[in-house]
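Report on the following structure.
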Amino acid sequence: MSGRSTAPDDVPWLSGACLAVGAELWADLGGFDDDYFLYWEDVDLSWRATALGARLEVVDDAHVVHDEGGTQESRGRAKSETYYRYDIRNRMLFAAKNLAPADVRQWRRTLPRAARAVALRGGRRQFVEGIGPWRGVARGMLEALMMAGPRGKP
């Protein structure tokens, strides 16, 4: 893993919305990690694949239709409570499972900024219209901090 970026916003990955993986590599990876729910499982899979020597590629001429919005939207632009919780939580799960303790501490320090960025994807208005977004962000941050352990030691 030497030479691989571990900065929180600079991890190369492919979207799980449409992902093709050969059967042998899939078996070597053991598939998706069951500890993830909804978000970051594709980042984790991409990370583990490159650790095994796989190369991530984007096929420019592929055409895929992905129906999104089930967990992301609750009304209008706002995202769901589930979206906030698991996007924030699983970011730290990825770090705790894959990065060195010093990097986990860095990700823990950037958690408030990252949680804010995730929360604002649904716009500011949602935070005056209901408790759901607040609850999702709070649960996600609490679970993320528990994963990172005290002072970022998983």
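Hydrogens, waters and symmetry mates play no part in the numbers below; they use all other heavy atoms, side chains included.
With sequence neighbours excluded, no residue forms a side-chain hydrogen bond (donor to acceptor under 3.5 Å, both in side chains) with Asn90. Not counting sequence neighbours, Tyr36 has no partner by the ring-ring contact (aromatic ring centres under 6.0 Å, His included) test. With sequence neighbours excluded, no residue forms a side-chain contact (heavy atoms from CB on, under 4.5 Å) with Ala117.
Trp26 and Phe32 have perpendicular rings, their planes meeting at more than 60° on a 0 to 90° scale where under 30° would count as parallel. Taking the six-membered ring where tryptophan is involved, the planes of Phe94 and Trp40 are tilted, since the angle between them lies from 30° to 60°.
The distance from the CE atom of Met141 to the CD1 atom of Ile88 is 7.0 Å, given to the nearest 0.5 Å. Distance CG/Leu120 to NZ/Lys79: 11.5 Å, rounded to 0.5 Å. Atom CD of Glu81 and atom OH of Tyr86 lie 10.0 Å apart (nearest 0.5 Å).
The two atoms that bring Tyr39 and Asp87 nearest to each other are CD1-N, 3.8 Å, heavy atoms only. Closest of all the heavy-atom pairs between Arg89 and Ala144 is CA-CB, 4.3 Å. Heavy-atom minimum distance, Ser46 versus Leu14: OG-N, 3.0 Å. Taking both residues in full, the closest heavy atoms of Pro112 and Arg108 are given as CD-O, 3.9 Å, listed atom of the first, atom of the second, then distance. Taking every heavy atom of both residues into account, Asp33 and Asp35 meet most closely at OD1-N, 2.8 Å. For the residue pair Leu56 and Thr50, the shortest heavy atom distance occurs at CG-CG2, 3.6 Å.
Within the 3.5 Å criterion, the main-chain N or O of Leu29 finds a donor-acceptor partner in the side chain of Arg48.
Under 3.5 Å, the side chains of Arg91 and Thr110 contain a donor-acceptor pair of N or O atoms. A donor-acceptor contact under 3.5 angstrom links the side chains of Arg121 and Tyr83, judged on distance only.
In summary, Asp44 and Lys97 do not engage in a salt bridge, as defined by a charged side-chain N under 4.0 Å from a carboxylate O.
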